[in-house]
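As structure tokens, the structure follows; a few thoughts come after it.
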Amino acid sequence: MKSMRLLTNCTVAAGVGGIIGWFARKNSELDNHEKHIDSFPLSKHLTKPGLPIFATVSAAVPITNNEDKDMGSKLSTNTSRISQIMKHGFPGLDNVRSFDDFVLSYDRRNRVAHWVFEHLTKERLSYNDKVDRSKCEFTADQSIHPFFRSENTDYKRSGYDRGHLAAAGNHKMEQTHMQQTFMLSNMAPQVGAGFNRDSWNRLEKYVRDLTKVYKDVYVCTGPLYLPKVEADGKKYVRYEVIGSNHVAVPTHFYKIVVGETADSKYEMQAFVMPNAVIGNDVPLQNFMVPPESVERAAGLLFFDKLSRSKLNKINGKSIKG
DNA sequence: TTTATTGT
């Protein structure tokens, strides 16, 4: 397997090889993968993504006054944008919150999102002098119960950046869109120099550049807590927690990207990067992994509603008809 | 260009 070889070239990718090995051994079970998903009753209820069929879906949309005449149109505008973002299915349904331009599922136990979902186009990423990142502020997400909420004090002097999952640079249509990405529910503790400010940023830019190739780009981003073999030969999941709220420091982060071609074919790429210093000269290709390996490690199913028969390529490799 | 923290 090509990606396996590539990963072993990257010394900091500890743990990823393990899940890929698992994937390789279980490969025969994948033949039943799609069949299994089709029979999974939840997917039948998700034919209209974005509709507030779950109480939490619209939790981040401020609805304070039932008599607000604007509410109807504002809600429907928001709902249609959420439908567009979530067109290919929800990876999971734990504590889903929708913002104006991205959707997030929150992990209360780790105080970090399970996943965030974004939809990118060239137009939406174009230069906009009305939107100013320096005016944005990191703010705690008041819609999350204080027991499970991360605070700025948790990150302060922790040694980690408040790293965006949905990147600020992906939301330049409106100042409010960008401001919403600064909600701490969209943050994870990330190694700053060498990761967030370097190779992870490089990956985010690469994903933005895919809008030059595909008219629509869908991207799902999240943390991983991967097991590692320790001295006794057993596997353990080990991660630091920071601050009084014990915000988990993920061992790795993933991005699953789908681009839609002009003739309605889809191409998928999956990346896993360790939350560690990575040299700027390491090619992004080295971090490509089979999407299934991320699904198994994260407990999520990505692009569940997108028929695998419409997938033309995975990680740049054509899929056999 | 975008990604950010610390200290004054």
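In what follows, chains carry the letters A, B, and so on, assigned in the order in which the sequence lines appear, proteins first and then strands, with residues in each chain numbered from 1.
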> Separation of A:Asn196 atom CG from B:dT3 atom P, in whole Å?
Replying inline: 8 Å

>> Is it the case that the side chain of A:Asn315 and the backbone of A:Met288 share a donor-acceptor pair, with hydrogens and angles ignored and the cut-off at 3.5 Å?
In response: no

> Of A:Arg208 and A:Asp161, whose closest DNA chain B nucleotide lies nearer the 5' terminus?
Replying inline: A:Arg208

> Taking the six-membered ring for Trp, are the ring centroids of A:His164 and A:Phe182 within less than 6.0 Å of each other?
Replying inline: yes

> A:Tyr160 has an atom OH; how far is it from atom C1' of B:dT6, in whole Å?
Replying inline: 17 Å

>> Output the rounded distance in Å from CG (A:Asn170) to P (B:dT2).
In response: 10 Å

> Does the B:dT2 base have a donor-acceptor partner in the side chain of A:Asn201 within less than 3.5 Å?
Replying inline: yes

> In whole angstroms, how far is the C1' atom of B:dT3 from the CZ atom of A:Phe182?
Replying inline: 9 Å

> Under 3.5 Å, side chain of A:Asn152 to main-chain N/O of A:Phe138, donor-acceptor pair present?
Replying inline: yes

>> Please verify the inter-ring angle class for A:Tyr206 with A:Phe271; under 30° counts as parallel, over 60° as perpendicular, anything in between as tilted.
In response: perpendicular

> What nucleic acid atoms does A:Glu204 come within less than 4.0 Å of, heavy atoms only: base, sugar-phosphate, or nothing?
Replying inline: sugar-phosphate

> What closest approach, in Å, do A:Trp200 and A:Lys255 show between heavy atoms, and which atom pair accounts for it?
Replying inline: CZ2-CE, 3.7 Å

>> Taking any heavy-atom pair under 4.0 Å as a contact, classify A:Ala167: base, sugar-phosphate, or nothing.
In response: sugar-phosphate

> Could you state the OH-C1' distance from A:Tyr155 to B:dT5, rounded to the nearest angstrom?
Replying inline: 14 Å

> A:Gly169 near the nucleic acid: base, sugar-phosphate alone, or nothing, with a heavy-atom cut-off under 4.0 Å?
Replying inline: sugar-phosphate

>> On the nucleotide B:dG7, are OP1 or OP2 found under 4.0 Å from the side-chain N or O atoms that A:Arg157 carries?
In response: yes

> In whole angstrom, what separates A:Phe138's CZ from B:dT6's P?
Replying inline: 11 Å

> For A:Met178 and B:dT1, what is the distance between atoms CE and C1' respectively, to the nearest whole Å?
Replying inline: 12 Å

>> Rounded to whole Å, how long is the line connecting atom CG of A:Asn128 with atom C1' of B:dT2?
In response: 16 Å

> OP1 or OP2 of B:dT3 sitting under 4.0 Å from any side-chain N/O of A:Lys205?
Replying inline: no

